[in-house]
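As structure tokens, the structure follows; a few thoughts come after it.
In what follows, every chain begins at residue 1, and chains take the letters A, B, ... in the order their sequences are listed.
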There are 2 protein chains.
Amino acid sequence: MSIRHGLLALLERGQMYGYQLRAAFEESTGSTWPLNIGQVYTTLSRLERDGLVRSLPESASGQRPYEITDAGRADLALWFATPISRTDRPRDELAIKLALALTTPGVDVRSVVQTQRTATMRALQELTRLKYSSDNPDDLPWRLVLDAMVFHAEAEVRWLDHCESSLVRHRPPAAGPTPLSEAVGHSGEEARR
Amino acid sequence: MSIRHGLLALLERGQMYGYQLRAAFEESTGSTWPLNIGQVYTTLSRLERDGLVRSLPESASGQRPYEITDAGRADLALWFATPISRTDRPRDELAIKLALALTTPGVDVRSVVQTQRTATMRALQELTRLKYSSDNPDDLPWRLVLDAMVFHAEAEVRWLDHCESSLVRHRPPAAGPTPLSEAVGHSGEEARR
DNA sequence: CGGAGTATGCATACCTGGTATGCGGACCGC
DNA sequence: GCGGTCCGCATACCAGGTATGCATACTCCG
């Protein structure tokens, strides 16, 4: 429900139409998360259906602007006043992956951890590069979004190291080959049955 | 695509049918993320459509077990060998919310930050309580999943504090009332147009 | 025994977020 | 004026996910 409230917040600034909304949304987070234009229209029509937004007559140039209603303002205020709870966050794909790797036969968990760690470190470097090569150091929202990603990436690296040491403590280092990894590259042989 | 590969990994252990798969999936992460039964069946049929899985004839008691194919094994190995990149993660709803709060008129950003911080700290306490009141200290996958959530929550608190101090540096403390917050509770007055 | 209640395996309908594509008008260059 | 291309907008469709329906089978009684 992030986009729904995001559009509402933008409309709180004043009337806007579809493309303006997309541009404003992407700009407000420094184009970190792109927003599909089709999604904007479907979300707008749902917002109108729910009475949180009202569509205005088309302008001369054909754009259909929307404005927020009082009900929409109330919903928006409620959103800002309500913390995001742990239960309504998306699944942590990395955690699931590692948990499954631990119980799947033939998987070298250590190399999964190391591969991920390398990738995350690379992302972290890219983020700090972005942070300091910025040409708009006064864009506070964008800087905070970037910081959020840095903090998350750092936590992920710490967690991966923690996994590594837990593995050393609880699992004997593997001796034999890792059967599953040999299956890569033979895809499709069975699929065409 | 997390569930897709999750089910594949479970089938790598051996043949299983729908309910077994759901139970195994939930158990492997300590029932942290529930999995809907309907999702299991739709995902299984898509996996079969894509040749990664093969359905076996119904057993006498009516269950239809599935087994992984060689193509499925290859796909699974590829998944384990490929790190999760920053770009295919879901949107960070909290970061978006705060970025929007900064540019939405009439929003008290400080109170948004504080409300979230309180909620996250509470979640953190709950997590540590869970961690130490565990009756199965040898369940390594579950412990690591729990640790992942702890690390994320800690990073979130740090980030919120960072936002707080950035706000103090860059924004003068608000003086007037916060108009938007007064709209709460009047929802619907305009909706019935 | 028989019938109500309940758990289980399975299937379907539907909602939501998202991408790809179609379409008409405005603004070019020539 | 005419073809191209960009823009604002809309539609169709797909995938992931939840809620719900629906049989069968099992249990627990009177």
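- The residues B/Arg169 and B/Glu164 are annotated as not salt-bridged, no charged nitrogen and carboxylate oxygen being separated by less than 4.0 angstrom.
- The side chain of A/Tyr19 lies closest to D/dG8, out of D/dG8, C/dG18, C/dC10.
- As a whole-Å value, the separation of B/Arg22 CZ from C/dG9 C1' is 10 Å.
- One interatomic measurement links the two molecules: CZ of B/Arg89 to P of C/dG18, which rounds to 17 Å at whole-angstrom precision.
- Spacing between atom CD of B/Gln63 and atom P of D/dA25 amounts to 11 Å, rounded to whole angstrom units.
- A/Glu26 places its CD atom 12 Å from the P atom of C/dG18, with the value rounded to the nearest Å.
- Within the nucleic acid shown, B/Arg91 comes within 4.0 Å of sugar-phosphate atoms alone, with no base atom in reach, counting heavy atoms only.
- For residues 36-49 of chain A, proximity to DNA chain D is found at A/Gly38, A/Tyr41, defined as any non-hydrogen atom under 4.0 angstrom from a strand atom.
- If you measure from atom CG of A/Leu7 to atom P of C/dG18, you get 11 Å, rounded to the nearest angstrom.
- With a 6.0 Å cutoff to the six-membered ring centre and a 45° limit on the axis angle, B/Arg22 does not count as a cation-pi contact of B/Phe25.
- The nucleotide whose nearest atom lies closest to any side-chain atom of B/Arg64 is, among C/dG18, C/dG9, C/dA11, C/dA11.
- Between A/Asp75 and A/Arg4 there is no salt bridge, since none of the side-chain N atoms of the basic residue sits less than 4.0 Å from a carboxylate O of the acidic one.
- Atom CD1 of B/Ile3 is separated from atom C1' of D/dA15 by 11 Å (rounded to the nearest Å).
- Whole-Å rounding puts the B/Ile96 CD1 to C/dG17 P distance at 13 Å.
- When the P atom of D/dA15 is taken as reference, atom NE2 of B/His5 falls 15 Å away, rounded to whole Å.
- Contact check on B/Lys131 versus B/Asp147 returns a salt bridge, with a Lys/Arg side-chain nitrogen under 4.0 Å from an Asp/Glu carboxylate oxygen.
- In summary, B/Arg73 and B/Asp70 engage in a salt bridge, as defined by a charged side-chain N under 4.0 Å from a carboxylate O.
- In this structure, A/Trp79 and A/His5 have parallel ring planes: the angle between them is below the 30° cut-off, well short of the 60° mark.
- Each of A/Tyr17 and B/Leu35 lies near DNA chain D, and the nucleotide nearest A/Tyr17 is the one positioned closer to the 5' end.
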Carefully, step by step, assess A/Tyr66 and A/Gln15 under the rule side-chain contact (heavy atoms from CB on, under 4.5 Å). CA-CA 5 Å; A/Tyr66 284 81; A/Gln15 302 175 5; over 6 Å; no
